[in-house]
Amino acid sequence: MKNVFLKLVSVGVLSTLLLAGCGQQSSPANPAGGQKTKIEYWHVNAETLGGKTIEELVKQFNAQNSDVEVVARYNPDMYKGLMQNLQAEVATGKSPAVVQIGWAFLDYFSNNFTYVEPQKLVDSFDQGDKTFLQDKFLPNVLGLAKNSKGSQVGIPYSLSTPVLYINRDLLRQAGLAENGPKTWEELVVFANTVKEKTGKYGLYIQEPADYWAQQALLESNGARMMTNGKASFASEEGIKAFEAYADMVLKTKSALHISWGEGVQSFVDGNVAMLYTTIAQRANVQKGAKFDVAAISSPAWQGKQPRLPAGGCFLAVTAKSEAEQKAAWKFVKFLYSIESMAAWTKGTGYVPPRKDVADAENGLKSFLAENKMMAAATSQMAGVVPWTSFPGDAGLQAEQMLLDSRDRILSGGISAREGLVQTQTKINELLK
Amino acid sequence: MSGNALLAYGFILPSLLVFAVFMFYPLLYTVYLSFFEWNMIKPVKAFVGWGNYIALLQDPLTYVVLKNTFAYIVILLLLNCAAPYILAFILSFVIRRGRDFYKSAFFLPSVISLVVGSILYLWILNPISGPVAIIAKFFGITIPVWSKTQGLVIGVLSIITTWKVFGYNFIVLFGGITGVPQEVIEAAKIDNVPLHRIFLDIVLPMSSATGVYIFIMTIVQGLQYVFTPIKVVTQGGPDNASSNAIYNVYQEGFTLYHTGYASAFAIVTMVLFVVLLLAEFKYVEKGIYYEN
Amino acid sequence: MKEIVFENVSKAYGKTTVIEHLNLTIRPGERLILLGASGCGKSTTLRMIAGLEQITAGNLYMNGQRINDLASGERNVSMVFQNYALYPHMTVADNIVYGLKIQKLPKEEIGQRLQAAVDMLELNGLEGRKPRDLSGGQRQRVALARAVVKRSDVLLLDEPLSNLDAQLRVHARKELVKIHQTYRQTFVYVTHDQVEAMTVGNRIALLHEGQLQMLDTPANVYNRPANVFTARFIGSPSTNILAAHYADRALHIGRQAVRLPEFWSAFLGQKGCRDFYLGIRPEHIRLERDRTDNVFSGTVKYIEEYGNRCGIYLDIEDNELVAIGDKADAWPGKRVSFAIDAAKLHVFDKQTKENIGYPEVYNEPVYQYKSL
Amino acid sequence: MRIDREAQWHILLGGALLLSLLPIAFAIANSFKELSEAYNNVFSLIPEHPTIGNYLLVFSRLPLGQITANTFMVALAATVFKTVTSALAAYAFVYFDFRGKNVLYFILISTIFIPFTVTMIPNYLTISQLGFRNNIIGVILPQLSDATGIFLIRQAMRTIPRSLIEAARIEQAGHLKILASIVLPLIRPAVVSTGIMFFINSWNEYVWPVLILKDKVNYTLPLALQLFISSEGGTDFTIAMAVSVITMIIPLVLYLIFQRYIISTFTSSGVKG
């Protein structure tokens, strides 16, 4: 009997050793002495979205600073995925130092997580540069990262706006102006004409798991997603705009109702004439398209001003200890230097949130001159508004309701009017 | 307790330890969480009693999700249980040539990751410009936008899952069917029994032990496998039309951070599965033909 | 009743040929035995009739119709498998009538046939049992019942008794003949057991390495073996085959010689035959107590006890020879003389190993013992 | 006509086979294309301008050796541990009689029915508290609580006649000895096929490692894929295909080499209820 137990134990020990053996090599190498502060920077930048640039920036920063070591961590599934990981991380009592927060999560983040306001960081660690924020950022841009209670949660970092990519070959083939439509009304005509003349689709508006592009559509017609903390998108203007969109999908079948990846793919391989999506897709579109492709600024509705929700993210500092906060600020400030910002824009296609990057010689001057597509985004910064993030813990669910209603309307399950009104009522009930 | 019993527990102990830490404890903890309103990070968990369960029963979405779950079960059973069963039968008793080749080839995709499969199929099945659409167009057929079509989306996601799961189920069923002696089939052939009757009257009952295993696995694991394509391809859309019980728990727990509610939903899902388990015990352990 | 004709039928698996140019006619209503050692192709032949094996070349006819490509189910044959192939999950009754149900026969008809089969095969009271609850003999009878209820023209039996113990086998043999006499179907019966073949068959087709060796009645197969193989295969102990030489009216085996009777010498002389194989059944060798002239002699090697008689193994000129005799006459090491029954000699061509025939006088049955 | 009938089956089977194998060919073909060709001629299985650029990029951006090694270790550790513990437990359930045996078996097997989402949140917390986050041990541990192995191996063991075990007991053989030298060799196909299944599943595990692993050096192969997939920046399809091919190449090659053995193992393991 004893013999058996001995063997049993040895089996156990063996398997433990095996597991331990696996673990050893993955333990991180310790820095060679010194009081290095190690902080984590969480981002969402996949290889196709500037992942390489992040790596280079971090490497550069670590080389320049002997007292701080930044570890960059990629989070899959965009800002939602990062939020999931952050949620789980914080649940175990830990926290990264710097995180990218998607605009849609502004309120959820500020309600549920501990962060340090940037001005406080400046006051504590950067006495010499007290007016850094006011000097380097436009107030409307800085305002994007203010939550509904007025707290400055972080500093805008990745800024994207929706632009209209056009397949000029297809437009010409349909006998349309090759420089694309100026207004949404024109765009509707364009789309329908393409459908009639070429049999291909006229338009695809991105439909990811957020309402970003649809917000641009509605608000550019004078509607507002939210007024005084209440959903208000089902105004006449909002309904009119969505009806026009739904009609293209359902009646003239000139616009596509399809998932984002499929939609972009269909534009790039020449089956759709116009693609309304983020400027962050520029590299992908440019690399893939074999036709005469261009990007133009977001249209507005006739006689209205375009209102374009800012996409991308802001940087928030979630470091806990003072040492970490100090290190975090040092890193954040590095990221906002003209050179870093320029590298960031080149690597990602995002629009720089800082004032003087575009014109600076060490900034983006030559890059913008060469990349005409970027102009579509940089030239429409005046129309940038915050991406609506519904307040309170139910905010995320409210967003989900919008997505569900979008699907329902575009599949013809409900009219645009009814769908928007219903959803607005439900969201307002939820937000009470 | 006798020495033998002690020894028996000694044999089970390694399994039991892992199960205790990574299965039973989390299960109890999830049950516990299901009585609270919490989002994983709030310092205080608010006790709501049966609140989450009541909310769940009152939410129309629950029924949408359960209906979808049921639809998945039906489709997966057809594609991943019935179809490989029939294929295994054809290979075992109907065709004479190429058996080994088919066996190897049909098993092949099952060694590949489902994430890879999902991404592949997203392109292949692109209703506007994917290869399938191009072929269909050649024949004058327009592929519906499945990823945004209620009902259809479940079918397509199931097909993606099938690509991965089919091979394993097929080979296991094949193993079960080869337990049926060739002579029995020949006896039936001599009696002019049509193929479908041979399958239904003879092969199915004689391989039912394997069949029930695959049947149960198709339901239980199939629904979990579908999770990956749902997450990669549709995120539960359009309008929750592709969400199932498993995905909905993830959605509630990790996207909307309704941890308590998600826990309650998970428990309800599990109860549904356990009902299936009882059915398994009732039928697998009794009334099934064993070779021995 | 149907006639089954194999016309130049060959069967090969890839490069291995199992049946080579088989020509065989099975007469309607007869009990034909396909006999041979395992691997000789007898089961394959049977399975070709059943349609379970495809025919590689040649034609198979049933009642004049070519059935090479006809599916099993359309041939109206029934079959009893060696391992019975009962449906393990069905009751005895269901097993028996499953095929009838598939044919959608009327209920009453099915009931009648079931009852008849159950009665005939003494399966009363077992109808509700599952095969695993039956003894081997019972299973065998269920398999038979299943085959006979179909009332097909041809009943194929693939070693149906090989899984039974010796006593049951004797009983079952009789039962099979009884069934045949009741239904008068054409029986095609595969076995490797010569006793079964002799007792059950009207005719025996002996196969060896895919080739038909002989096709005749059991008596002829025994008494007039067509070739060395047949002579050796049939009978136990096996027929002695010895290289022999004919010269000067005498039969020479090694250095020993014995004079041949006139009709044999005339016959061999007429055939111009000098070197050949001699076939002598052990029961046709007689040990001689007193006679020493004109007989062969050899040394007893060992003795096999059969109870009533024994097998005496002799060494003659480095050939082994077995004779059936009386133990009292021999013990190992003893030098003995023996005579060979001239009327029961078989002579085979040295090259072709075919039987060269018999002198005219033996064409009439010879009952009298005539020693050389 | 039987021959024609068989040909019809082959056409049907061939079609089904094509459906299941084409995606793999499709992935391989597109991984050697430039993005613009993939977009415009997704169809062709032979790239017009073959390029290994996608692979070079992947190799330059990822510590692929490390990632592959990680994947291997995760899969191997999980497979070995699960197979050993399952065999031990199954043996106890088949050859011992002890109080609570059926209840315990029932409870363990019931866990097959627990969706992973039920245990996900608490397990995440456990792994973090144990300090195994961002560590492949954290990926391995929760996988180990899998009862399918116990089920499959127990079913196989039940087909061994009890008399064999009794004969060995008479020879004074210990239970571990019996397990190792009699039981396991007899049910080798079932054990090996269970192990292969464990390996494949673990190799392709995706949802859990996404939660646990943070650094590229700790990634497993399926995670590497999502580095090249971004909804916002677009998915570089050809690169994604290159990573896909890298992810599947090892199981695929292993399978092709050992297919005869694997298939015969699976078919002869026969899950006998």
Side-chain angles (χ1 to χ4, degrees), chain B residues 4-5 8 11-12 14-15 18-19 22-23 26-27 29-30 90 94-96 102-109 111-116 119-120 123-124 131 134 163 171-172 174-176 178-179 209-210 212-213 220 224 228 246 249-250 253 259 266 269-270 273-274 277 284 288 290-292, chain D residues 6 9-10 13 17 20-21 23-24 26-27 42-43 85-86 88-89 91-92 96 98-99 108 110-119 121-123 126 141-142 144-145 150 159 175 197 200 204 206-207 222 225 229 237 240 244 247-248 251-252 255 259 263 266-273:
Chain B
N4 242 357
F11 272 64
I12 303 173
S15 300
V18 207
F19 274 81
F22 295 106
M23 190 60 81
L27 175 64
Y29 194 68
T30 301
I90 292 171
V94 180
I95 66 156
R96 288 145 193 268
Y102 285 123
K103 269 190 293 185
S104 293
F106 275 113
F107 186 74
L108 199 141
V111 305
I112 296 171
S113 142
L114 198 47
V115 196
V116 171
I119 290 162
L120 269 170
W123 267 63
I124 292 174
I134 294 171
W163 180 71
I171 213 74
V172 172
F174 188 90
T178 40
T210 314
V212 170
Y213 167 71
V220 175
Q224 305 193 50
T228 303
I246 310 277
V249 170
Y250 173 84
T259 307
T269 313
M270 192 188 69
F273 278 15
V274 167
L277 169 78
V284 170
I288 290 294
Y290 291 104
E291 256 179 88
N292 300 320
Chain D
E6 173 135 0
W9 284 116
H10 283 293
L13 291 172
L17 203 59
S20 73
L21 296 187
I24 299 167
F26 180 80
V42 94
F43 219 8
T85 57
S86 299
L88 283 173
Y91 184 87
F96 285 107
F98 54 93
R99 209 182 318 157
L108 281 181
S110 310
T111 61
I112 295 176
F113 294 76
I114 299 178
F116 65 85
T117 39
V118 171
T119 53
I121 298 165
N123 272 346
T126 307
L141 283 177
L144 303 181
S145 59
I150 300 180
T159 62
H175 282 289
M197 186 190 79
I200 293 172
N204 294 321
Y206 173 68
V207 182
L225 184 57
I229 296 165
F237 183 68
S244 298
T247 305
M248 63 177 145
L252 217 55
Y255 174 66
Q259 49 152 324
I263 291 298
F266 265 102
T267 47
S268 58
S269 73
V271 182
K272 310 258 162 52

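Every chain is numbered from 1, with letters handed out A, B, ... down the list of sequences.
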- Query: Less than 4.5 Å apart, any side-chain heavy atom of D:Ser244 and any of B:Leu120?
  - Reply: no

- Message: For a 4.5 angstrom cut-off between non-hydrogen side-chain atoms, does D:Pro115 reach B:Met270?
- Response: yes

Side chain, backbone, both or neither: which part of [X] has a non-hydrogen atom closer than 4.5 Å to chain B?
X: D:Ser20; answer: both
X: D:Ile112; answer: both
X: D:Leu225; answer: side chain
X: D:Tyr255; answer: side chain

- Task: For the pair B:Phe11 and D:His175, name the ring-plane relationship: parallel under 30°, tilted 30 to 60°, perpendicular over 60°.
- Result: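 B:Phe11 and D:His175: perpendicular rings.
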
Is chain D contacted by the side chain of [X], its backbone, both, or neither, given a heavy-atom distance below 4.5 Å?
X: B:Ile90; answer: side chain
X: B:Ile134; answer: side chain
X: B:Ser104; answer: both
X: B:Val111; answer: both

Nearest heavy-atom pair of [X] and [Y]: which atoms, and what distance?
X: D:Asn123; Y: B:Phe22; value: ND2-O, 3.3 Å
X: D:Ile114; Y: B:Met23; value: CD1-SD, 4.1 Å
X: D:Glu6; Y: B:Arg96; value: OE2-N, 2.9 Å
X: B:Ile246; Y: D:Thr117; value: O-CG2, 3.6 Å
X: D:Pro23; Y: B:Trp163; value: CG-NE1, 3.8 Å

- Message: What verdict does the side chain to side chain contact (heavy atoms under 4.5 Å, CB included) test give for D:Leu13 and B:Ile95, after you've listed the backbone C-alpha separation in whole Å, the side-chain angles of each residue and the deciding distance to 0.1 Å?
- Response: CA-CA 10 Å; D:Leu13 291 172; B:Ile95 66 156; 4.0 Å; yes

Looking at chain B, which one of [options] has the largest number of heavy-atom pairs inside 4.5 Å, strictly under?
options: D:Leu17, D:Ile121, D:Leu252, D:Thr247; result: D:Leu17
options: D:Val207, D:Leu21, D:Leu108; result: D:Leu108
options: D:Ala89, D:Ala92, D:Ser145; result: D:Ser145

- Message: Is the distance from the ring center of D:Phe266 to that of B:Phe174 below 6.0 Å?
- Response: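 Ring centroids of D:Phe266 and B:Phe174 are no less than 6.0 Å from each other.
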
- Query: Got a donor-acceptor contact below 3.5 angstrom from the B:Thr30 side chain to the D:Val118 backbone?
  - Reply: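 Such a contact is found between B:Thr30 side chain and D:Val118 backbone.
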
- Message: Using side chain to side chain contact (heavy atoms under 4.5 Å, CB included), reason through B:Ile12 and D:Phe98 one step at a time and then give a plain yes or no.
- Response: CA-CA 12 Å; B:Ile12 303 173; D:Phe98 54 93; 3.5 Å; yes

- Query: Given B:Ile171 and D:Ile263, is the side chain to side chain contact (heavy atoms under 4.5 Å, CB included) satisfied, shown in steps?
  - Reply: CA-CA 7 Å; B:Ile171 213 74; D:Ile263 291 298; 3.5 Å; yes

- Task: Output the option from B:Val94, B:Thr269, B:Thr228, B:Thr178 having the highest count of non-hydrogen pairs under 4.5 Å with chain D.
- Result: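 Looking at each option in turn, the highest pair count goes to B:Val94.
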
- Query: So which of B:Val220, B:Leu27, B:Val249, B:Leu108 has the largest heavy-atom pair count under 4.5 angstrom toward chain D?
  - Reply: B:Leu108

- Approximate separation, where rounding is to 0.5 Å, of D:Phe26 CZ and B:Ile124 CD1: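 Output value for this atom pair is 5.0 Å.
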
- Query: In Å and rounded to the nearest 0.5 Å, what is the CD1 to CD1 distance from B:Ile112 to D:Ile24?
  - Reply: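 Taking CD1 in B:Ile112 and CD1 in D:Ile24, the distance rounds to 3.5 Å.
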
- Task: Please step through side chain to side chain contact (heavy atoms under 4.5 Å, CB included) for the pair B:Ser15 and D:Ile150, ending with a clear verdict.
- Result: CA-CA 9 Å; B:Ser15 300; D:Ile150 300 180; 4.1 Å; yes

